[in-house]
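Note that this is a predicted model, so its numbers are computed, not measured.
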Amino acid sequence: MPEGPEIRRAADKLAAAVIDQPLTAVDFAFPQLKHYRQRLLGERIVAIEPRGKALLTHFSNGLTMYSHNQLYGVWKVAAAGETPETKRDLRVRLETARSAILLYSASDITVGPREEIEQHPFLQRIGPDVLDMSLTVDDVEERLLTPRFRRRQLGGMLLDQAFLAGLGNYLRAEILWQAELAPQHKPQDLTPEALRRLAEALLAVPRLSYQTRGQADDNRHHGALFRFKVFHRSGEPCERCGGMIVRTELSSRPFYWCPGCQK
């Protein structure tokens, strides 16, 4: 499943195609959503906002569409009037005079007034979005020490969207490597220095991934690009200590780390 940086880059691509242009065609596959077609024709998409692994598409008349790709959903951008060749089922089409954004195979789609969508169970359950640029290191450090999270092992907690939305398996591995921490630690047991390193990594790693991953050759400009330090690198030497990176299972997911320097 894509993680927060991939979801946000997808949202950026969708927004660039259709933002602030009147909708000339609107189609929903699900019968319970079809009556929104007339209410959205002629309106504009004013923002496409990631919330963890969900997207909120905000319209100029105050309606919002919630969508979650889950395992199989995918968004595509096409020219107006065109539909890409695919075996996937088209769920949503939002089209302007120039471009269309198309949602395939997703099953979790809801439309309603913005204030109602904000009460969606998923949105109520998740924590702050890790790519929300108003979120600070101090905020994250404080959250780590709340009663809800302070006694939890990091390896499982970093996959819990209730802690910070948008984290996933590769980010978990890379954050813990950056913080020089093993996954069995609990926030309450960390030294102040280790807690600060962890809070900093929880923001820095996802943000660097969002800003740079896939934009250039990974073999150049190492200081400026996101590169996997441990994820999918089992058997290779750790660039920090030279120890061997190992792969194990953690929370029923593959986990990569360096026992040599993640203490």
Check whether any side-chain heavy atom of [X] lies under 4.5 Å from a side-chain heavy atom of [Y], and answer yes or no.
| X | Y | result |
| --- | --- | --- |
| Arg114 | Phe59 | no |
| Asp27 | Arg37 | yes |
| Thr110 | Ile117 | yes |
| Gln161 | Arg125 | no |
| Tyr210 | Ile7 | no |
| Pro206 | Leu167 | yes |
| Pro259 | Val246 | yes |
| Met65 | Leu55 | no |

Step-by-step salt bridge (charged side-chain N to carboxylate O under 4.0 Å, His left out) determination, Asp189 to Arg151: CA-CA 8 Å; Asp189 299 328; Arg151 297 178 180 85; over 6 Å; no

Is there a donor-acceptor pair closer than 3.5 Å between any side-chain N or O of [X] and the backbone N or O of [Y]?
| X | Y | answer |
| --- | --- | --- |
| Glu174 | Phe231 | yes |
| Lys53 | Gly166 | no |
| Ser209 | Val205 | no |
| Glu95 | Gly81 | yes |
| Asp89 | Ser105 | no |
| Glu6 | Glu3 | yes |
| Thr96 | Leu23 | no |
| Glu239 | Val230 | no |
| Arg233 | Lys229 | yes |
| Gln262 | Cys258 | yes |

Apply side chain to side chain contact (heavy atoms under 4.5 Å, CB included) to residues Leu123 and Leu56 and explain how you reach the verdict. CA-CA 10 Å; Leu123 300 181; Leu56 300 183; 4.0 Å; yes

For residues [X] and [Y], report the shortest heavy-atom separation together with the two atoms involved.
| X | Y | value |
| --- | --- | --- |
| Gln178 | Arg240 | O-NH1, 4.0 Å |
| Thr136 | Leu203 | C-CD1, 3.5 Å |
| Pro183 | Leu250 | CB-CD2, 3.4 Å |
| Leu198 | Ala179 | CA-CB, 3.8 Å |
| Tyr104 | Lys76 | CE1-CD, 3.7 Å |
| Ala165 | Gly52 | CB-CA, 3.6 Å |

Could you tell me whether [X] and [Y] make a salt bridge, using a distance below 4.0 angstrom between a side-chain N and a carboxylate O?
| X | Y | answer |
| --- | --- | --- |
| Glu141 | Arg143 | no |
| Lys87 | Glu85 | no |
| Arg172 | Asp160 | no |
| Asp20 | Arg44 | yes |

Drop me the distance from [X]'s [atom1] to [Y]'s [atom2], to the nearest 0.5 angstrom.
| X | Y | atom1 | atom2 | result |
| --- | --- | --- | --- | --- |
| Arg8 | Arg207 | CZ | CZ | 9.5 Å |
| His120 | Glu118 | NE2 | CD | 11.5 Å |
| Leu40 | His35 | CG | NE2 | 9.5 Å |
| Leu154 | Ile175 | CG | CD1 | 10.5 Å |
| Glu43 | Gln38 | CD | CD | 11.5 Å |
| His58 | Ile45 | NE2 | CD1 | 11.0 Å |

If hydrophobic clusters are built from ILVMFWY residues whose side chains come within less than 4.5 Å, do [X] and [Y] share one?
| X | Y | answer |
| --- | --- | --- |
| Leu176 | Leu145 | yes |
| Leu33 | Ile101 | yes |
| Leu63 | Phe30 | yes |
| Val137 | Leu181 | yes |
| Leu131 | Leu208 | yes |

With side chain to side chain contact (heavy atoms under 4.5 Å, CB included) as the criterion, how do Ser107 and Gln70 come out once you've worked through the C-alpha distance, each side chain's angles and the decisive distance to 0.1 Å? CA-CA 8 Å; Ser107 57; Gln70 298 174 311; 3.0 Å; yes

Paired with Leu14, the side chain to side chain contact (heavy atoms under 4.5 Å, CB included) test is passed by just one of Ile48, Leu94, Ile19, namely Ile48

Among Leu103, Thr57, Leu102, Val26, which residue meets the side chain to side chain contact (heavy atoms under 4.5 Å, CB included) test with Val92?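 In the set Leu103, Thr57, Leu102, Val26, the residue that makes a side chain to side chain contact (heavy atoms under 4.5 Å, CB included) with Val92 is Leu103.
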
Enclosure of Lys34 NZ (heavy-atom neighbours >12, cutoff 6.0 Å):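 Above 12, so yes.
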
For Tyr72, look at atom OH and say whether over 12 heavy atoms of other residues, nucleotides or ligands are found less than 6.0 Å away.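 Not buried by this count: 12 neighbours or fewer within 6.0 Å.
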
Stepwise side chain to side chain contact (heavy atoms under 4.5 Å, CB included) test for Leu144 and Phe163: CA-CA 8 Å; Leu144 283 164; Phe163 172 56; 3.4 Å; yes

Decide whether Tyr256 and Asn169 meet the rule of one side-chain donor and one side-chain acceptor closer than 3.5 Å. no

Would Ser134 and Asp132 count as having a side-chain donor-acceptor pair, cut-off 3.5 Å?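 The criterion, which ignores hydrogens and geometry beyond distance, is satisfied for Asp132 and Ser134.
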
Just say parallel, tilted or perpendicular for the rings of Tyr66 and His68, cut-offs at 30° and 60°. tilted

How far apart are the C-alpha atoms of Lys263 and Glu180, what are their side-chain angles, what is the distance that settles it, and do they pass the side chain to side chain contact (heavy atoms under 4.5 Å, CB included) test? CA-CA 6 Å; Lys263 298 298 187 181; Glu180 301 179 51; over 6 Å; no

